[in-house]
Number of protein chains: 2
Amino acid sequence: MTQLMLTSTVENYLKALLKLSNQGENRVSTGDLAKALHVTPGSATSMIKTLAEAGLAHHKPHYGVLLTEKGHILAVHVVRRHRIIELFLVNVLEMEWDEVHAEAEQLEHVVSDEVITRMDKLLGYPTLDPHGDPIPTADGMFIERPLHPLSQCEAGQRVQVARISDQNSSFLKFAESHGLTLGATIEVQRRNEHAESITLQSNEEEITLGFTAANRIEVEFVK
Amino acid sequence: MTQLMLTSTVENYLKALLKLSNQGENRVSTGDLAKALHVTPGSATSMIKTLAEAGLAHHKPHYGVLLTEKGHILAVHVVRRHRIIELFLVNVLEMEWDEVHAEAEQLEHVVSDEVITRMDKLLGYPTLDPHGDPIPTADGMFIERPLHPLSQCEAGQRVQVARISDQNSSFLKFAESHGLTLGATIEVQRRNEHAESITLQSNEEEITLGFTAANRIEVEFVK
DNA sequence: CACTCCTTTTTGATTAGTCAAAAATTATAC
DNA sequence: GTATAATTTTTGACTAATCAAAAAGGAGTG
């Protein structure tokens with residue numbers, strides 16, 4: 001149980017582990033972790049061992065990694081900082097929603113709890129960040145909404161955009177320019193299973209998205 | 001002229017060099033630099049060589065260091081970021097003036113120009129930070145005011161506190177608790193050259209400061 | 001079971017920044 | 001002007017994080 005500095009690097013590994021363990025089965029493979037962080041598998045292995053020694057992750061060699069409770073709590077707090085900062089940059093500093101991710105990625109590692117507390121207060125204790133992602137509470141709770149990936153919606157369905165979980169600035173710009181912003185109401189015109197695409201009516205215009213793109217947009221049904 | 005990453009470490013060396021070259025004669029000694037940054041002289045020497053190779057400092061071995069124009073510009077920009085952040089933390093996030101220095105010390109290395117520009121605008125293009133230090137303009141100009149160290153004021157003089165250039169939180173708390181805040185008007189009661197102290201009337205109370213403490217407080221004369 | 005393929009781990013090297021301690025240089029004192 | 005003190009530089013070693021490439025492990029196919 002060696003004591004470990006919570007460097008930016010360590011925090012980024014924790015965040016990636018949290019994200020990856022929530023999609024698909026729980027255990028995270030070294031390869032997936034390495035890809036998510038743009039490092040070689042060897043680098044990932046060595047950091048995994050470091051995290052395990054510090055009691056932040058369980059590691060069964062050749063099988064997979066998983067955060068411990070301690071590691072999970074730390075990771076959630078990094079996510080909380082990130083999302084509060086994003087919302088702060090948009091609501092207070094009036095930055096564009098597509099440029100705040102990169103900025104928050106830097107700030108999340110250096111901003112103190114004191115500052116996060118004050119931002120949270122100034123923002124009125126928000127529950128969602130500018131992309132519709134839930135902001136964990138100060139004691140580490142996520143409030144998840146029952147949302148549906150746009151890629152799985154049927155023709156004729158009227159839905160409301162609730163979350164765009166892509167951090168790529170150009171995708172966000174594209175979405176916005178076609179009326180796909182949080183809260184916008186759109187209607188699914190048709191699906192094409194062979195083309196793996198879905199066509200929407202949004203903002204007086206028709207737009208077709210591939211399933212993978214549509215998968216990154218989550219919606220609520222509108223009756 | 002090796003290209004150099006502007007890491008936090010490098011920026012801190014540049015900032016320290018800027019500060020030290022403005023007090024006393026221009027050249028900065030390795031020892032003073034090391035002390036300012038709490039590193040050993042050997043560490044300072046090695047970073048000085050790195051800075052010199054990158055064209056950010058001139059180094060004459062065993063004599064001293066000095067920033068080049070390029071290094072100077074970079075250093076001033078770090079100071080600008082620091083002071084805008086400090087003011088932002090006090091004015092927008094309502095933090096205490098004594099706790100913002102440490103926070104800004106971290107943030108100054110990661111906040112983007114975009115964010116600084118927006119903070120600057122939101123604050124109304126300020127010229128002074130919460131401690132009365134001038135904020136350099138975006139093109140690197142300092143607007144210095146003609147101030148006088150409190151330690152050199154004569155008995156009977158009425159003065160206004162204009163700058164408290166100490167980054168130590170407990171000193172700032174102490175000053176504030178005795179009415180020594182920016183803009184406060186105080187009167188010098190007497191000096192004692194042997195005791196190296198100066199006694200002031202401030203806020204209905206009398207307070208005596210040693211010359212070194214009083215030296216960190218700068219004032220304007222009030223007629 | 002044996003062979004291949006893919007993934008993971010290990011090994012050895014590299015870089016930035018640091019320290020401790022030895023060596024070199026400059027400054028001070030008598 | 002030589003000895004001593006103080007400062008600066010050099011040297012060698014260490015840590016965190018990384019990569020490239022070699023070695024080891026596991027899974028699937030026949």
Side-chain angles (χ1 to χ4, degrees), chain A residues 1-17 20-21 24-66 71 74 78 105-106 108-110, chain B residues 1-17 20-21 24-66 71 74 78 105-106 108-110:
Chain A
M1 279 285 195
T2 330
Q3 176 53 24
L4 180 61
M5 268 291 137
L6 286 176
T7 60
S8 300
T9 310
V10 169
E11 289 190 340
N12 283 333
Y13 272 93
L14 293 175
K15 222 173 31 155
L17 283 170
L20 293 172
S21 66
E25 53 171 337
N26 268 348
R27 70 173 151 155
V28 176
S29 76
T30 304
D32 288 352
L33 183 59
K35 256 176 221 131
L37 291 161
H38 304 108
V39 296
T40 60
S43 301
T45 299
S46 104
M47 179 56 86
I48 287 167
K49 288 168 89 175
T50 307
L51 295 176
E53 268 174 43
L56 302 181
H58 294 298
H59 181 218
K60 189 171 161 189
H62 290 105
Y63 174 79
V65 215
L66 210 51
L74 288 172
V78 180
E105 204 67 20
Q106 300 301 311
E108 66 187 11
H109 307 297
V110 302
Chain B
M1 277 286 194
T2 330
Q3 176 53 22
L4 180 59
M5 270 290 139
L6 286 175
T7 60
S8 300
T9 310
V10 169
E11 290 190 341
N12 283 333
Y13 273 94
L14 293 175
K15 221 173 30 154
L17 283 170
L20 292 171
S21 66
E25 54 173 333
N26 269 347
R27 71 173 148 154
V28 177
S29 76
T30 303
D32 287 353
L33 183 59
K35 255 176 222 133
L37 290 161
H38 304 108
V39 296
T40 60
S43 301
T45 299
S46 103
M47 178 56 84
I48 287 166
K49 288 168 89 175
T50 307
L51 295 176
E53 270 175 41
L56 302 181
H58 294 298
H59 182 217
K60 188 171 161 188
H62 289 107
Y63 173 78
V65 214
L66 209 51
L74 287 171
V78 179
E105 203 67 22
Q106 301 299 312
E108 65 187 11
H109 307 298
V110 300

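Residue numbering restarts at 1 for every chain, and letters A, B, ... go by the order of the sequence lines.
- Contact record, V10(B) with M5(B): CG2-O, 3.6 Å, taken as the closest heavy-atom pair.
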>> Please determine whether side-chain contact (heavy atoms from CB on, under 4.5 Å) holds for the pair H62(A) and T30(A), giving the CA-CA distance in whole Å, both sets of side-chain angles, and the decisive distance to 0.1 Å.
In response: CA-CA 8 Å; H62(A) 290 105; T30(A) 304; over 6 Å; no
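- One distance of note links CG of L56(B) with CG of L17(B); it measures 10.0 Å at 0.5 Å rounding.
- Each side chain to side chain donor-acceptor pair (under 3.5 Å) pair with one or both residues in residues 46-59 of chain A, not counting sequence neighbours, would appear here, but there are none.
- Rounded to the nearest 0.5 angstrom, Q3(A) CD and M1(A) CE are separated by 10.5 Å.
- A side chain to side chain donor-acceptor pair (under 3.5 Å) check over residues 4-14 of chain A, counting only residues at least two apart or in different chains, returns the pairs E11(A)-R81(A), E11(A)-H109(A), N12(A)-H109(A).
- Summarising the geometry of A36(B) relative to L20(B), their closest heavy-atom pair is CB-CD1, 4.1 Å, with the distance given to 0.1 Å.
- In terms of heavy-atom proximity, A44(B) sits nearest to V39(B) at N-CG2, 4.2 Å.
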Under-3.5 Å N/O pairs linking protein and nucleotides 11-18 of chain D:
{"residue": "dA17(D)", "atom": "OP1", "partner": "T7(A)", "partner atom": "OG1", "Å": "2.6"}
{"residue": "dT18(D)", "atom": "OP2", "partner": "Y13(A)", "partner atom": "OH", "Å": "3.2"}

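- Boundaries of the chain A contact region on DNA chain C are dT8(C) to dT10(C), first to last in 5' to 3' order (nucleotide atom under 4.0 Å from a heavy atom).
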Please list, for nucleotides 6-8 of chain D, all pairs of protein and nucleotide N/O atoms separated by less than 3.5 Å.
{"residue": "dT8(D)", "atom": "OP2", "partner": "G31(B)", "partner atom": "N", "Å": "2.8"}

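- With rounding to the nearest 0.5 angstrom, the CG atom of L66(A) is 11.5 Å from the CD1 atom of I48(A).
- Within the structure, every pair that satisfies the salt bridge (Lys or Arg N to Asp or Glu O under 4.0 Å) test and touches residues 26-37 of chain B, not counting sequence neighbours, is listed here: E25(B)-R27(B).
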